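When reading the values below, keep in mind they use all heavy atoms of this one structure, side chains included, and skip hydrogens, waters and symmetry mates. A, B, ... follow the sequence lines: proteins, then strands. Residue 1 opens every chain. The structure displayed is predicted, hence computed values, not measured ones.
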Number of protein chains: 2
Amino acid sequence: MTTTPTVYDVAERSGVSIATVSRVYRNPDSVRAQTREKVLAAARELGYVPSGNARGLASRSTGVLGLCFPDYSDPDAESEAEAGVGDEPDDNAAMLYSDQIIRGMERAARRHGYALLIAASLKSGPETLVAKVAGRVDGFAVLARTVPTEELEVISRRRPVVMLAGPREPGELDRPVRLDHIQVANADGQRELTRHLIEDHGLRRLAYVGSAEDSPDVEARFRGHTEACRAAGIAVADAPDVRVGMMTQAEGARAAATLLDGPGEHPEALLFANDQMAVGALHTLEGRGLRVPQDVTVTGFDGIPLSRMVRPALTTVRQPMRRMGEEAVELLVRRLNGQENKEPESLTLPVSVVRRASCGC
Amino acid sequence: MTTTPTVYDVAERSGVSIATVSRVYRNPDSVRAQTREKVLAAARELGYVPSGNARGLASRSTGVLGLCFPDYSDPDAESEAEAGVGDEPDDNAAMLYSDQIIRGMERAARRHGYALLIAASLKSGPETLVAKVAGRVDGFAVLARTVPTEELEVISRRRPVVMLAGPREPGELDRPVRLDHIQVANADGQRELTRHLIEDHGLRRLAYVGSAEDSPDVEARFRGHTEACRAAGIAVADAPDVRVGMMTQAEGARAAATLLDGPGEHPEALLFANDQMAVGALHTLEGRGLRVPQDVTVTGFDGIPLSRMVRPALTTVRQPMRRMGEEAVELLVRRLNGQENKEPESLTLPVSVVRRASCGC
DNA sequence: TTGAAAGCGCTAACAA
DNA sequence: TTGTTAGCGCTTTCAA
């Protein structure tokens, strides 16, 4: 017979009860050394591996935390890596957001004795991704807008869920949603960056490129921008000068072209809501023989590694994604250790302006 | 009552049997639309989330693949990131091996409908990490030397396991181990790199820095090195000129100092078994006023992103870690789909020499 | 220190 | 299309 061995098999073979076998694995010291050895020997001979499912079912906990993130692949970045722009193919060396968050969560989870289950969204049939993850973990984090809020609502009644990066939705507090929440100071960061361009570099004709989808993060960045402009007495529109669909390099390049081809003098500075677009813009500017920052200033947002590798290196606002992952785990662990009934927490992590060549610093 | 709702609760509330509730989640089309809606409504009201454990237990599968990797943190890299060498603190932008493998596995797993469970080794008490992971997944990958072979032996009798990066151990084939296995062509890569230094750059006094622990990967690299030397008629020792403990930047810096301070003329080239050490060596050389590559050539191995960012950029051998993760998943999936009794597979992925400034290219 | 027995919440035949 | 009935392999009282 090739059926996988169970506690019963191990118990029988070692002449003890299944309870003792169980004890050997949960709390070895509660079993006499001699008995323990017998059990372990039998387990080894049989190739016994305790079933995580059965354990979880019986003990109502998994020892696993989860992370759901969107399918964040920037096709540009992919193809660029493959094509080996300027260098060799690079196995996509640039870390994505999700990679950094994963790393942060994994580290923190490990410290607390948890493993990490990760899954990118890709609604596969009837069961959504979250449902699958949610059912297998003690608690989990979700990158904003990966999962419909209604679903999170249901799940958050049963398991701690922490939302990453998306500001709390309006009206959400009225409903029985118990989501903790970690975000970064998007508005503060962009405000400070825009202020820097205005005050320290004396720029006044600024163009902002945001995204079409109403990402709250991107909106917050634009808000920071407008605040800085107004504070300096510079007129600014209610909406970004250009809104793109995907926030990719290609879209950034296109947006730059649009802004340069506009009527009148071209802007002194192009501010992008993320680094990828800003990098795309650099390509456009280079193609047109415009020098950065002498002819045009370019800035991004995020602080991805690529922002430092391009020439000129990109002035941007760095988000502490790794730390966000760590904080997420800390929050979940706290919830799992008896804080389950406290009010939802909302944590805002500080960002920092990184001044590099693309703004003239 | 605050007990989490089960199929029974949902069934009762919606006036159907538990089997129907189950069907709604597994195979919605097998339930009349009207019934389905009733069930889903009840589920929503109750905040029902199907228990992954119970499902797994009943269906004998989890839909999850796993990865165990060692605690690969290079303390140098960490502190360097914090200190912000040459730039701002960087949130540790460089991707580690494990990050790339994770990314590769996650992508591939997603394509096949699996989630990924990751855990770094950190033997926590009685239950080893692997045991925990092994019990919760349908199959998993292990980075070489993360887990004692005996343990893998037991586990591989019950679940597909693929070993990454470590060559098959001698004698392993005699035992009932059914490990699949993916490695990179370490020897080929180093042989080609060494040959390049000798033939294309005319270097002859080469020093090799390996590691103290007998990592098969590192040994294979050194073997490639010696083969290239002998082929060119250059005398070479049986062992690396220096063996370090940790393969970190600090050790690399130290190794470089040792080699430079040796008797006689210093080597024309310092070849390191990984990039981290080579980067450390660059620091040492800079500190001594030696120019790379004019005064000394330096090479690494791995092709980590950092190797491209340092100045001079490092000539190295790039390993396709991401692809390794993908291949691991493909292998596991194949095993899980009926290939379970085939002979262990062993796959060797090609590497490529990356010629950059540090060798004079 | 060890054992007996009762679930944990679901899936999977098999019936209806 | 829906319901009934056994388990799946473990943990967990409670006793001994």
Side-chain angles (χ1 to χ4, degrees), chain A residues 1-39 42-43 46-63 126-127 131-132 134-138 158-159, chain B residues 1-39 42-43 46-63 126-127 131-132 134-138 158-159:
Chain A
M1 68 165 196
T2 315
T3 151
T4 68
T6 72
V7 270
Y8 291 94
D9 303 310
V10 176
E12 187 179 347
R13 182 161 193 129
S14 51
V16 300
S17 73
I18 62 164
T20 298
V21 175
S22 176
R23 284 190 192 101
V24 166
Y25 286 88
R26 280 180 297 125
N27 188 1
D29 295 333
S30 70
V31 177
R32 191 155 43 108
Q34 186 184 329
T35 314
R36 196 193 315 142
E37 290 312 322
K38 265 195 321 199
V39 170
L46 293 169
Y48 170 71
V49 179
S51 153
N53 285 324
R55 305 182 93 166
L57 182 55
S59 65
R60 298 126 176 296
S61 85
T62 65
E127 261 194 288
K132 184 171 175 179
R136 308 206 74 86
V137 301
D138 292 339
R158 301 299 159 196
R159 309 218 178 312
Chain B
M1 67 165 196
T2 314
T3 150
T4 69
T6 72
V7 271
Y8 291 94
D9 302 311
V10 177
E12 187 179 346
R13 182 162 194 129
S14 51
V16 300
S17 73
I18 62 165
T20 298
V21 175
S22 176
R23 284 190 193 100
V24 166
Y25 285 90
R26 279 179 297 128
N27 188 2
D29 295 333
S30 70
V31 176
R32 192 155 43 108
Q34 187 184 327
T35 316
R36 196 193 314 142
E37 290 313 321
K38 267 196 319 199
V39 171
L46 293 169
Y48 169 71
V49 179
S51 153
N53 285 324
R55 305 180 92 167
L57 183 54
S59 66
R60 299 127 175 293
S61 84
T62 63
E127 260 195 289
K132 185 171 175 180
R136 307 206 74 85
V137 300
D138 292 338
R158 301 300 159 196
R159 307 222 181 312

Pick out the pairs of N or O atoms, protein on one side and nucleotides 12-16 of chain C on the other, that lie under 3.5 Å.
from, atom 1, to, atom 2, distance (Å)
C:dA12, OP2, B:R26, NH1, 3.2

(message) With rounding to the nearest 0.5 angstrom, report the CD1 to CG distance, A:I18 to A:D9.
(response) 11.5 Å

(request) Measure the spacing between CG of A:L46 and OH of A:Y48 and express it to the nearest 0.5 Å. (result) 10.5 Å

(message) So for B:Y8 and C:dC10, does any side-chain atom that can act as donor or acceptor lie under 3.5 Å from a complementary atom in the base?
(response) yes

(request) Walk along DNA chain D from 5' to 3' and tell me the first and last nucleotide with an atom closer than 4.0 Å to a non-hydrogen atom of chain B. (result)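 Result: D:dT1 to D:dG9.
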
Nearest non-hydrogen partners of [X] and [Y], listed with the distance:
X: A:G52; Y: B:R136; value: O-NH1, 3.2 Å
X: B:R26; Y: B:A19; value: NH2-O, 4.5 Å
X: A:S14; Y: A:A42; value: CB-CB, 3.9 Å

(message) So A:V31, base contact, sugar-phosphate only, or nothing? Heavy-atom distance under 4.0 Å.
(response)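 The answer is sugar-phosphate, as A:V31 gets under 4.0 Å only of primed atoms, P, OP1 or OP2.
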
(message) Taking any heavy-atom pair under 4.0 Å as a contact, classify B:V21: base, sugar-phosphate, or nothing.
(response)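 B:V21: no heavy atom of the nucleic acid under 4.0 Å.
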
How close or far is atom [atom2] of [N] from atom [atom1] of [X], stated in whole angstroms?
X: A:N27; N: C:dT1; atom1: CG; atom2: C1'; answer: 12 Å
X: B:L57; N: C:dT11; atom1: CG; atom2: C1'; answer: 10 Å
X: A:E12; N: C:dG3; atom1: CD; atom2: P; answer: 14 Å
X: A:R32; N: C:dT2; atom1: CZ; atom2: C1'; answer: 9 Å

Side chain proximity check, [X] to [Y], heavy atoms < 4.5 angstrom:
X: B:D138; Y: B:R60; answer: no
X: A:V31; Y: A:V39; answer: no
X: A:L57; Y: B:R55; answer: no

(request) Please determine if a side-chain N or O atom of A:T20 lies less than 4.0 Å away from the OP1 or OP2 oxygen of C:dG3. (result)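 Indeed, a polar side-chain atom of A:T20 lies that close.
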
(message) On DNA chain D, does the nearest nucleotide to B:T35 precede the nearest nucleotide to A:N53 from the 5' side, or the other way round? Give the residue.
(response)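 So the residue in question is B:T35.
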
(message) I'd like to know if the side chain of B:K38 and the backbone of B:V16 have a donor-acceptor N/O pair within less than 3.5 Å.
(response)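 Flag not set: sc B:K38 to bb B:V16 has no pair under 3.5 Å.
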
